[in-house]
Asks: 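So that we are looking at the same thing, I have put the structure below in structure tokens.
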Amino acid sequence: MRSKDLEPFRNVPFLLWVKDTDGVYVWGNRTIDDLAGEPVAGKPDSELVWADDAEALRHDDEQVLSSGEPMFVNEHVQKSHRGDATLSVCKWADEL
């Protein structure tokens, strides 16, 4: 899958993003960019407004990568462009 394949999802009203195995966002839709207050692509969580929660967010990513199993989880970020937020997230690993 290429970033251009995701463009139809750019304006959907829910959070959608793709990270690489190093935890760097390779693509994000407008909704996650708005939550971050900036484009997320090219950055890890530790460089975004929710940097204080980056370790916990990365922990969930690592669990999915190591198990290969999807994970449904509520992730909490103390800071976002909209303030405190809880995100209902489905994470899965896929070879692109």
Asks: What about Val64 and Leu15, same hydrophobic cluster or not, with Ile/Leu/Val/Met/Phe/Trp/Tyr joined at side-chain heavy-atom distances under 4.5 Å?
Replies: yes
Asks: Show the numbers, then the answer: is there a side chain to side chain contact (heavy atoms under 4.5 Å, CB included) between Leu57 and Glu75?
Replies: CA-CA 7 Å; Leu57 299 173; Glu75 293 184 325; 3.4 Å; yes
Asks: Starting from the C-alpha separation in whole Å, work towards a yes-or-no answer on side-chain hydrogen bond (donor to acceptor under 3.5 Å, both in side chains) for Asp84 and Gln78.
Replies: CA-CA 5 Å; Asp84 192 78; Gln78 297 173 41; over 6 Å; no
Asks: Check whether Ser88 reaches the backbone of Val73 with its side chain - one donor and one acceptor, N or O, closer than 3.5 Å.
Replies: no
Asks: Please test Asp45 against Tyr25 for side-chain hydrogen bond (donor to acceptor under 3.5 Å, both in side chains), starting from the C-alpha separation and ending with a verdict.
Replies: CA-CA 8 Å; Asp45 289 308; Tyr25 290 85; 2.5 Å; yes
Asks: Take Glu62 and Lys91 through the test salt bridge (charged side-chain N to carboxylate O under 4.0 Å, His left out) and record every step on the way to the result.
Replies: CA-CA 10 Å; Glu62 292 288 338; Lys91 295 183 175 203; over 6 Å; no
Asks: Quick check for you: to the nearest 0.5 Å, what is the distance between Leu65 atom CG and Lys19 atom NZ?
Replies: 9.5 Å
Asks: For Ser46 and Ala51, work out which heavy atoms get closest and say how close.
Replies: O-CB, 3.3 Å
Asks: Rounded to the nearest 0.5 Å, how far apart are SG of Cys90 and CZ of Phe72?
Replies: 3.5 Å
Asks: Within this structure, what is the CD1-CD distance for the pair Ile32 and Glu38, rounded to the nearest 0.5 Å?
Replies: 11.0 Å
Asks: Should Val49 and His81 be marked as a side chain to side chain contact (heavy atoms under 4.5 Å, CB included) after you check the CA-CA gap, both sets of side-chain angles, and the distance that decides it?
Replies: CA-CA 7 Å; Val49 67; His81 189 64; 5.5 Å; no
Asks: Are a donor atom and an acceptor atom from the side chains of Asn74 and Thr86 found within less than 3.5 Å of each other?
Replies: no
Asks: Give the minimum heavy-atom separation between Thr31 and Val12, together with the two atoms involved.
Replies: OG1-O, 2.7 Å
Asks: Considering only NZ, NE, NH1 and NH2 on the basic side and carboxylate oxygens on the acidic side, decide whether Arg10 and Asp33 come within less than 4.0 Å.
Replies: yes
Asks: Under a 4.0 Å N-O cut-off, is there an ion pair linking Lys79 with Asp53?
Replies: no
Asks: Looking only at heavy atoms, which two atoms of Leu48 and Ala36 are closest? And how far apart?
Replies: CD2-CB, 4.4 Å
Asks: Can you confirm whether Lys43 is buried at NZ, in the sense that more than 12 heavy atoms of other residues, nucleotides or ligands lie under 6.0 Å from that atom?
Replies: yes
Asks: Passes side chain to side chain contact (heavy atoms under 4.5 Å, CB included), Val40 versus Trp27? Steps please.
Replies: CA-CA 7 Å; Val40 297; Trp27 184 87; over 6 Å; no
Asks: Nearest 0.5 Å, please: how far is CZ in Phe14 from CG in Leu87?
Replies: 13.5 Å
Asks: Test your reading of the model: is there a side-chain donor-acceptor pair from Asp20 to the backbone of Asp22, 3.5 Å cut-off?
Replies: yes
Asks: Might you work through the side-chain hydrogen bond (donor to acceptor under 3.5 Å, both in side chains) test for Asn29 and Trp17, ending with a clear yes or no?
Replies: CA-CA 6 Å; Asn29 71 349; Trp17 66 87; over 6 Å; no
Asks: According to a hydrophobic-cluster definition based on side-chain heavy atoms being under 4.5 Å apart (Ile, Leu, Val, Met, Phe, Trp, Tyr only), do Val18 and Phe9 belong together?
Replies: yes
Asks: Take atom NE2 in His76; do more than 12 heavy atoms of anything else shown fall under 6.0 Å from it?
Replies: yes
Asks: So which atom in Val24 and which in Gly42 form the shortest heavy-atom distance, rounded to 0.1 Å?
Replies: CG1-C, 3.6 Å
